[in-house]
Structure formats: structure tokens, C-alpha cells
Colleague: 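Structure in C-alpha cells, see below.
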Amino acid sequence: MTLGLRGVCMGAADVVPGVSGGTIAFVTGIYEELIYSIRSVDRRFAALLLGFRFGEALNRVRWRFLGAVLAGILLAVVTLARGIQWMLQHQPDLIWAFFFGLVAASVLVVRKRVVAWRGPTWIAAVVSGLLFFVVVGLVPVKTPDSPWFLFICGIVAISAMILPGISGSFILVLLGKYEYLLAALNDRDLFTIFVFASGAAVGILSVARVLAWIFKRHHDVTIAALTGLMAGSLRKVWPWKAEISPPPELGGAGVPLMQINVLPQSIDGDLAVATGLALAGFAIVVVLERLSENRR
């Protein structure tokens with residue numbers, strides 16, 4: 001599988017709240033390479049660019065790798081955003097079923113990256129899983145549309161997107177900016193996109209350095225914690241949900257802002273399709289894992 005196609009898969013996942021592009025990078029075997037490649041974009045690289053020494057600047061970074069992955073992500077975001085927005089509005093159970101299968105398989109695949117499961121790794125997995133299980137149940141809040149807040153959203157969302165199991169799109173839902181930014185993307189609102197992207201650039205360069213440091217020193221505990229995050233996120237991507245009105249202090253009666261997971265109400269064609277899509281998502285991850293093993 002080419003790097004560009006892996007980037008397309010990451011971009012498609014990042015558009016959906018509850019699914020992490022970092023998970024796709026992890027499953028396809030490019031996650032740690034991605035972190036170290038982003039980390040290579042440093043102050044020296046910026047200084048060379050500002051000095052118009054482009055050849056030297058490119059030699060400092062893994063630009064072929066980053067360019068291919070980034071191109072795939074952008075292609076997916078631009079081309080799939082409108083379709084995914086339609087699916088989330090009209091067939092949410094089907095798209096959530098597909099990604100539930102994908103994330104469930106990812107938990108099983110990523111846990112094998114831990115060399116030895118011991119006390120600290122189990123603790124990290126359980127604590128992170130329980131913590132994120134609670135986080136994904138939070139109610140979205142109302143927030144301003146000011147440029148400064150959009151910049152902060154970019155920093156926070158990209159920091160989540162690069163972590164397997166944590167969905168940057170879901171963080172935007174919690175911050176009350178997912179639909180606003182998705183509409184800006186579909187309407188080609190360049191100013192809003194630029195402000196958000198600027199924050200994302202600052203966030204990803206900072207987080208990549210921290211992750212590179214952690215991976216070097218605490219590899220197994222880090223992977224175990226990320227596995228727990230993905231397991232906890234299954235609460236968010238469960239396909240069948242019911243909306244309930246929040247208490248008055250959280251938005252008023254009759255406003256369906258809160259969702260709870262429920263069992264499917266009937267056995268029909270839609271349930272069969274959703275189950276099939278979940279199995280398809282599971283199978284895709286298994287195939288990607290086999291391909292990444294061959295690549296390694």
C-alpha cells in the first residue's frame with residue numbers, strides 16, 4: 001500500500017467524530033515514522049527556509065514521506081467531507097457501524113505492539129481506557145466563533161488527531177466547533193480554514209516532539225495507554241444511539257444534545273447492513289495489519 005493511500009485512510013478517519021487518524025497510522029505501521037518525521041521539522045529547518053536555502057532545508061526533513069501522507073490526508077478531507085457529513089445526518093448508524101468495527105479491530109491489533117504486558121502496562125491501559133470512556137460521554141458545549149478560539153481549537157484538535165484512539169473531530173464536537181468547521185470546509189471559507197490550520201501546525205509540531213521523547217523512554221507503557229484510549233473510544237462509535245434532552249442548566253428541556261447507547265430496536269435490513277459494515281471495517285484493519293507486517 002502506498003503512503004498516499006495510507007494518508008487517504010487517515011484523512012477519512014479524521015473527518016468522523018470518534019475515529020482517530022492516528023489509529024489508522026498505527027495499524028498501517030507508519031505511526032512512529034510519522035512522529036519522528038514531524039519532529040524533524042524544527043527551528044533549523046525554518047531558518048533555512050527563511051534564508052531561501054530550500055535544498056538544505058528539504059535535506060533536514062523526511063519530505064517525501066510527509067508530503068505523500070499529507071497529500072493523501074488533504075485529498076480525503078476535501079473529497080469526503082461532504083459525503084461523510086451527509087451520512088452522519090441521514091444514515092448515522094451505518095457509518096458508525098463501519099468505524100466501530102474498524103476501531104474494535106484496531107484495539108486487538110495495537111495491543112500486540114506491547115512487547116511484554118506487566119503491571120505498569122496493564123495499569124496504563126485500564127486507567128486510560130476508563131478515563132476516555134468518561135470523556136467521550138461529555139456533553140458538547142457552546143463556544144465563540146472568534147479567530148483566537150479557532151486557533152486554540154486547531155492546537156487541541158490536531159494534538160488529539162495524532163494520538164491513536166483520540167479523535168480530533170470528537171474534540172471539536174466537545175468544543176462546539178465540529179459542524180462550524182465542517183461547514184467552513186464545504187463552503188471554502190478560507191479565512192476560517194487558515195486560522196484553524198495555523199493552530200494545527202503549532203500543535204502538531206509541539207506534540208510530535210513530546211511523543212517522540214515518550215516513545216523512546218517508555219515504549220510499552222505508551223502503547224498500552226494508547227490501546228486503552230482506543231478501547232474507551234468504542235463508547236462513542238457505538239452505532240445505535242438514542243437522544244435525550246439535557247437538564248435545563250445544560251441547554252434546556254427539549255434540546256436533544258445528549259446521546260446514550262442502546263441496542264438495535266428491531267432486526268431488519270438496516271441491522272444486517274450495519275453488521276456487514278462493522279465486519280467490513282474489522283476485516284480492513286486485519287488486512288492493513290498484514291500488509292504493514294509485510295512492509296516491516
Colleague: Are the side chain of Trp238 and the backbone of Phe100 linked by a donor-acceptor contact shorter than 3.5 Å?
Modeller: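 Flag not set: sc Trp238 to bb Phe100 has no pair under 3.5 Å.
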Colleague: Quick one: are Leu185 and Leu181 in side-chain contact, heavy atoms under 4.5 Å?
Modeller: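 No; the side chains remain at least 4.5 Å from each other.
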Colleague: Using the rule that two of Ile, Leu, Val, Met, Phe, Trp, Tyr join whenever any of their side-chain heavy atoms come within less than 4.5 Å, decide whether Ile155 and Phe191 are in one cluster.
Modeller: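 Result: yes, single cluster for both.
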Colleague: Membership question, hydrophobic clusters at under 4.5 Å side-chain separation (ILVMFWY): are Val273 and Phe98 in the same one?
Modeller: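 Yes, it is one cluster - the side chains of Phe98 and Val273 are joined through contacts under 4.5 Å.
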Colleague: Report whether Ile35 and Leu66 are members of the same hydrophobic cluster (ILVMFWY, side-chain heavy atoms less than 4.5 Å apart, transitive linking).
Modeller: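 Yes, Ile35 and Leu66 fall within the same hydrophobic cluster.
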Colleague: Once rounded to the nearest 0.5 Å, what's the spacing between atom NZ of Lys112 and atom CD1 of Ile223?
Modeller: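 Atom-to-atom, Lys112:NZ and Ile223:CD1 are 14.0 Å apart.
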Colleague: Below 3.5 Å, can you tabulate the donor-acceptor pairs from side chains in residues 194-204 to any protein atom, sequence neighbours excluded?
Modeller:
| unit_1 | atom_1 | unit_2 | atom_2 | d |
| --- | --- | --- | --- | --- |
| Ser198 | OG | Phe194 | O | 2.8 |

Colleague: Between CZ of Arg188 and CD1 of Ile193, what distance do you get to the nearest 0.5 Å?
Modeller: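 These two atoms lie 7.5 Å from each other.
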Colleague: Spell out, as yes or no, whether a donor-acceptor pair under 3.5 Å connects the side chain of Lys241 to the backbone of Asp93.
Modeller: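 Checking the backbone N and O of Asp93 against the side chain of Lys241, no donor-acceptor pair under 3.5 Å is found.
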Colleague: Return the set of residues passing side chain to side chain donor-acceptor pair (under 3.5 Å) with Asp189 (not counting sequence neighbours), or none when no residue passes.
Modeller: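 Checked Asp189 against side chain to side chain donor-acceptor pair (under 3.5 Å); matches are Thr192.
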Colleague: Do Leu94 and Val262 sit in the same hydrophobic cluster, where Ile, Leu, Val, Met, Phe, Trp and Tyr count as joined when their side-chain heavy atoms come under 4.5 Å apart?
Modeller: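 Yes, same cluster.
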Colleague: Which pair of heavy atoms, one from Ala97 and one from Ala274, lies closest together, and at what distance?
Modeller: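 Between these two residues, the closest heavy atoms are CB-O, 3.2 Å.
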Colleague: Sequence neighbours excluded and cut-off under 3.5 Å, please list the side-chain donor-acceptor pairs for residues 117-131, or say none.
Modeller:
| unit_1 | atom_1 | unit_2 | atom_2 | d |
| --- | --- | --- | --- | --- |
| Trp117 | NE1 | Arg111 | O | 3.3 |
| Thr121 | OG1 | Arg118 | N | 2.6 |
| Thr121 | OG1 | Arg118 | O | 2.7 |
| Ser128 | OG | Ala124 | O | 2.8 |
| Ser128 | OG | Ala125 | O | 3.1 |
| Ser128 | OG | Ala225 | O | 2.8 |

Colleague: Cluster question for you: counting only ILVMFWY and a side-chain heavy-atom cut-off of under 4.5 Å, with indirect links fine, are Leu190 and Leu74 together?
Modeller: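 In one cluster: no.
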Colleague: Find the distance between OG1 (Thr227) and CG (Leu108) and round it off to the nearest 0.5 Å.
Modeller: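 Answer rounded to 0.5 Å: 10.0 Å.
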Colleague: Looking at CD1 of Ile158 and CD1 of Ile38, how far apart are the two atoms once the value is rounded to the nearest 0.5 Å?
Modeller: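 So the CD1 of Ile158 and the CD1 of Ile38 are separated by 8.0 Å.
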Colleague: What heavy-atom pair brings Leu150 and Tyr180 nearest, and what distance separates the two atoms?
Modeller: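 It is CD2-CE2, 4.0 Å.
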Colleague: Work out which heavy atom in Lys177 is nearest to a heavy atom in Pro144; give both atom names and the distance.
Modeller: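 Closest approach of Lys177 to Pro144: CE-O, 2.8 Å.
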